[in-house]
Asks: 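What follows is a structure written as structure tokens; I'll ask about it next.
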Amino acid sequence: MSDLNDKTILLGMTGGIACYKVAELARRLQEEGAAVQCVMTQAATQFLTPVTMQALTGRPVFIDAWDSRTPNNMPHIDLSRQANLIVLAPTSADFMAKVAQGLADDLLSTLVLARNAPLLMAPAMNVQMWQAAATQRNVKTLLADGVKLLGPEAGNQACGETGDGRMLEPQHLLYEIIASLQPKTLMGQRVLITAGPTFEPIDPVRGITSISSGKMGYAIARAAYEAGATVSLISGPTSLSIPYGVAFSKIQTAQQMFNAVMAQIKQTDVFISVAAVSDWRPSKTHDSKIKKTDAYRNNNSLELTQNPDILAAVSALPDRPYCVGFAAETEHVEQYAREKRIRKNLPLLVANDARETMGAESTNLLLVDEAEVKPIGCMSKLKAARFLIQEIAERLTLSRQ
Ligand code: C5P
């Protein structure tokens with residue numbers, strides 16, 4: 001995956017101990033295909049040397065406004081114009097104040113003032129400095145000026161205190177930087193997603209489940225967040241890490257998933273049901289492990305009870321959100337998908353071949369709505385998720401006209 005191919009990111013570093021994490025961020029940005037041009041304030045060089053950043057980015061680092069290495073001797077213009085995005089990490093309280101005021105007394109503040117590219121800031125400072133009335137005034141000004149703030153988050157701080165002011169982790173900064181380049185087609189929408197398998201216990205060590213990995217649902221959660229939505233993800237057991245920026249609930253059984261969905265459905269604009277919900281559960285869950293001899297006594301059979309159909313129940317609500325279903329089939333994919341869409345009364349159903357897609361990194365989705373069947377081709381699940389989110393956003397707009 002190269003989400004930042006052909007992008008030049010100007011990485012501005014100001015004075016703060018979080019500089020050490022930015023070395024890692026520079027690596028991650030390049031792994032995604034970006035060229036990284038580092039500019040440091042004098043204070044930043046107290047925490048990390050320009051040598052480190054030059055070695056990591058493969059480009060000379062700029063610090064001084066009078067640096068004559070640019071041909072026209074105007075590094076603030078040259079560097080600013082090369083950038084598709086300016087990311088300030090870490091951003092000190094002092095530097096936030098400078099940008100809020102429009103000061104330009106060193107190379108970094110001057111090129112920020114001269115920018116014609118979007119500006120992202122990752123604040124990092126002591127909790128009292130973050131909460132100070134002056135800093136909060138500056139935050140308001142910066143937001144009003146169209147600056148995007150990434151964090152800070154709460155937690156233990158290098159100074160020994162605890163609270164808001166920690167810089168986001170490099171991986172989360174990377175997600176936010178990538179997200180900033182995605183179209184905001186679901187801004188303000190509340191999206192609820194189910195993902196993964198469910199697990200229906202037979203006894204304390206056995207259960208009924210499926211080979212669903214949760215990858216598609218988690219990718220859709222990330223893509224919806226990138227598109228500006230407020231995202232809630234309800235997941236069965238998976239080995240995946242919780243997607244950044246998403247409210248997350250972990251459940252085990254279909255009934256628990258049903259309850260969790262129904263508890264949130266009134267606050268939902270779009271419901272995307274990706275989970276491979278078990279259609280059946282054992283009628284009785286044994287408290288202790290069933291012995292082989294007990295199984296023989298029961299004629300080796302397991303009595304089953306049908307689980308609620310979560311998607312069908314949501315789709316039948318009088319005030320239902322926009323509902324998107326999934327269908328993983330092993331044969332007659334298109335035909336079954338068409339039938340399922342009508343049976344569950346859905347505006348959109350997404351079908352794929354279970355044998356190709358379950359557990360895999362890529363997928364081959366087929367979008368089935370009232371008007372057409374649209375194949376989107378084989379691609380990574382994240383790419384497919386972004387495509388699907390755009391398709392949903394377009395249909396959502398049409399459905400409200
Ligand atoms: O036909 P089937 O029930 O397998 O349809 C699959 C779709 O229905 C998926 O979107 C799945 O998340 C949803 N589903 C559900 N509750 C069930 C079974 C399936 O929400 N009990």
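Atoms within each ligand, like the ligands themselves, are counted from 1 in listed order.
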Asks: I'd like to know if A275 contacts ligand 1, where contact means a heavy-atom distance under 4.0 Å to any ligand atom.
Replies: yes
Asks: Looking at ligand 1, does any of its N/O atoms fall within less than 3.5 Å of an N/O of K344?
Replies: yes
Asks: Tell me the contacting part of D309 for ligand 1: side chain, backbone, both, or neither, using a 4.0 Å heavy-atom threshold, strictly below.
Replies: both
Asks: To which protein heavy atom is atom 10 (O) of ligand 1 closest, and what is the distance rounded to 0.1 Å?
Replies: S273 O, 2.6 Å
Asks: Relative to the heavy atoms of P308, which atoms of ligand 1 are at a distance of less than 4.0 Å?
Replies: 16 (N), 17 (C), 21 (N)
Asks: Using distance alone, determine whether V324 and ligand 1 share an N or O pair under 3.5 Å.
Replies: no
Asks: Could you go through the salt bridge (charged side-chain N to carboxylate O under 4.0 Å, His left out) check for E303 and K284 one step at a time?
Replies: CA-CA 8 Å; E303 197 185 314; K284 176 175 164 31; over 6 Å; no
Asks: Is there a donor-acceptor pair under 3.5 Å between the side chain of N84 and the backbone N or O of T8?
Replies: yes
Asks: Angle class for the Y244/H172 ring planes (parallel below 30°, perpendicular above 60°, tilted otherwise)?
Replies: parallel
Asks: Answer yes or no: is there a side-chain heavy-atom contact under 4.5 Å between R386 and D3?
Replies: yes
Asks: Using the ring of each side chain (for Trp, its six-membered ring), is H332 parallel, tilted or perpendicular to Y336, with breaks at 30° and 60°?
Replies: perpendicular
Asks: Would you say T185's side chain and Q390's backbone share a donor-acceptor pair under 3.5 angstrom?
Replies: no
Asks: Would the distance check show the side chain of R341 and the main-chain N or O of L349 forming a donor-acceptor pair, the cut-off being under 3.5 Å?
Replies: no
Asks: Which residue owns the protein heavy atom closest to atom 18 (C) of ligand 1, what's the atom, and how far is it?
Replies: D279 OD1, 3.5 Å
Asks: Do any nitrogen or oxygen atoms of A327 come within less than 3.5 Å of a nitrogen or oxygen of ligand 1?
Replies: no
Asks: Write down the atom of H76, the atom of L111, and the distance for their closest heavy-atom approach.
Replies: O-CB, 3.3 Å
Asks: Applying a 4.0 Å heavy-atom criterion (strictly less than), which segment of A312 is in contact with ligand 1: side chain, backbone, both, or neither?
Replies: neither
Asks: Looking only at distance, does K340 have an N or O less than 3.5 Å from an N or O of ligand 1?
Replies: yes
Asks: Do T41 and T14 have side-chain N/O donor and acceptor atoms under 3.5 Å apart?
Replies: no
Asks: Do the side chain of K98 and the main chain of A104 share a donor and acceptor less than 3.5 angstrom apart?
Replies: no
Asks: Can you tell which of F326, F271, W280 gets a heavy atom nearest to atom 9 (C) of ligand 1?
Replies: F326
Asks: Quick one: does A313 get within less than 4.0 Å of ligand 1, heavy atoms only?
Replies: no
Asks: Return a yes/no value for G325: is any of its N or O atoms, backbone included, closer than 3.5 angstrom to an N or O of ligand 1?
Replies: no
Asks: So, regarding L311 and ligand 1 (criterion: nitrogen or oxygen to nitrogen or oxygen, under 3.5 Å), is there a contact or not?
Replies: yes
Asks: Please report which non-hydrogen protein atom sits nearest to atom 16 (N) of ligand 1, along with the residue it belongs to and the distance in Å to one decimal place.
Replies: I310 N, 3.0 Å
